[in-house]
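One-based numbering along the sequence shown. Given the structure is predicted, the values throughout are model-derived calculations rather than measurements.
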Amino acid sequence: MPSTPDTSTEQTPGLHIPPESALLRMTYKKSGIKVADLAAASGLSVSSIHIALNGFRYRDGVAKVAVPPDRTLVKLGSVLGVEPAALREAGRERAAEMLDEISESDQSLPTTFGSDAEAQAHASGRAALARQVLAALSLEELRAEVERREGSAARV
């Protein structure tokens with residue numbers, strides 16, 4: 001498997017690549033991060049990342065559109081620094097809300113670190129915590145929590 005995603009659509013004529021995949025791919029290319037590092041930071045497999053960034057996968061030798069799930073968007077978006085508003089523009093409101101919540105919790109974090117190693121260790125710890133939280137909750141639990149928080153925000 002290549003170390004960087006295939007950004008050409010020449011191999012997949014006629015496929016409509018999902019806008020969220022195009023957004024992830026553009027952000028990924030600007031980031032300078034290697035796929036292996038993105039996999040380590042997000043907790044996703046390299047193949048899952050390639051599928052999410054390219055917007056298609058092969059089944060029985062035929063390319064098919066693959067829309068990334070919300071959890072995948074949130075994991076990649078948090079590592080790559082995707083803005084929730086960009087996910088909303090791509091029509092992924094639920095993923096944007098989840099990313100908003102992660103962003104809100106990050107506002108209490110220090111903005112400077114003593115060294116690059118300290119910053120990297122902090123980022124790795126936050127990524128591991130996010131993976132654990134997302135893995136512990138079912139889809140129904142995540143929806144219920146979002147609804148609960150939306151309801152309490154509306155009362156304030």
Side-chain angles (χ1 to χ4, degrees), residues 1-9 11-12 15-57 63-113 116 118-150 153:
M1 182 161 282
S3 63
T4 58
D6 176 13
T7 58
S8 75
T9 55
Q11 298 175 0
T12 57
L15 284 183
H16 175 68
I17 303 304
E20 54 270 54
S21 290
L23 170 66
L24 287 174
R25 184 174 50 236
M26 178 186 69
T27 308
Y28 165 77
K29 287 175 77 175
K30 289 180 183 178
S31 75
I33 296 174
K34 295 178 183 175
V35 172
D37 295 334
L38 186 55
S42 68
L44 296 168
S45 68
V46 170
S47 61
S48 293
I49 292 170
H50 281 283
I51 292 167
L53 295 177
N54 291 321
F56 63 90
R57 67 171 31 173
K64 303 212 183 227
V65 172
V67 178
D70 288 332
R71 281 186 176 189
T72 300
L73 287 174
V74 171
K75 288 178 179 184
L76 292 175
S78 65
V79 173
L80 292 171
V82 172
E83 292 294 325
L87 287 175
R88 284 187 179 88
E89 288 177 21
R92 299 302 295 267
E93 182 64 33
R94 183 167 176 276
E97 289 172 0
M98 294 167 67
L99 201 53
D100 269 333
E101 291 210 5
I102 291 171
S103 297
E104 288 171 10
S105 68
D106 283 348
Q107 289 183 6
S108 62
L109 300 175
T111 55
T112 58
F113 295 94
D116 286 348
E118 182 183 345
Q120 191 171 27
H122 183 78
S124 295
R126 296 287 295 173
L129 177 61
R131 284 192 304 273
Q132 290 171 356
V133 169
L134 288 172
L137 300 173
S138 69
L139 182 60
E140 294 75 26
E141 290 170 321
L142 287 170
R143 284 187 178 141
E145 181 62 16
V146 168
E147 289 173 11
R148 182 189 70 77
R149 290 181 184 210
E150 286 175 345

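Residue V74 comes nearest to A95 through the heavy atom pair CG2-O, 3.6 Å, listed as atom of the first residue, atom of the second, then distance. Listed here is the closest heavy atom pair of V82 and L99: O-CD2, 3.2 Å. Of all the heavy atoms in R25 and L53, the pair that sits closest is NH1-O, 3.1 Å. What you find for A90 and P19 is that their closest heavy atoms are O-CG, 3.9 Å. In plain terms, the two heavy atoms of A39 and S45 that are nearest each other are CB-C, 4.5 Å.
The side-chain contact (heavy atoms from CB on, under 4.5 Å) search around S42 returns L44, I49, K75, L76, V79, not counting sequence neighbours. Under the side chain to side chain donor-acceptor pair (under 3.5 Å) criterion, E147 pairs with no residue, sequence neighbours left out. Applying the side-chain contact (heavy atoms from CB on, under 4.5 Å) test to I51 and every residue at least two apart in sequence or in another chain returns R57, A66. With sequence neighbours left out, R143 forms a side-chain contact (heavy atoms from CB on, under 4.5 Å) with R94, L139. In terms of the side chain to side chain donor-acceptor pair (under 3.5 Å) criterion, S78 has no residue partners (sequence neighbours excluded). Every side-chain contact (heavy atoms from CB on, under 4.5 Å) that R88 has, sequence neighbours left out, goes to P84, E93, A96, E97, D100.
Here CG of L23 is found 9.0 Å from CG of L80. Values are rounded to the nearest 0.5 Å. To the nearest 0.5 angstrom, L38 atom CG is 11.0 Å from S48 atom OG. Taking CZ of R92 as the reference point, atom CG of L73 lies at 4.5 Å (rounded to 0.5 Å).
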Intermediate values then yes/no, side chain to side chain contact (heavy atoms under 4.5 Å, CB included), K30 and M26: CA-CA 6 Å; K30 289 180 183 178; M26 178 186 69; 4.1 Å; yes
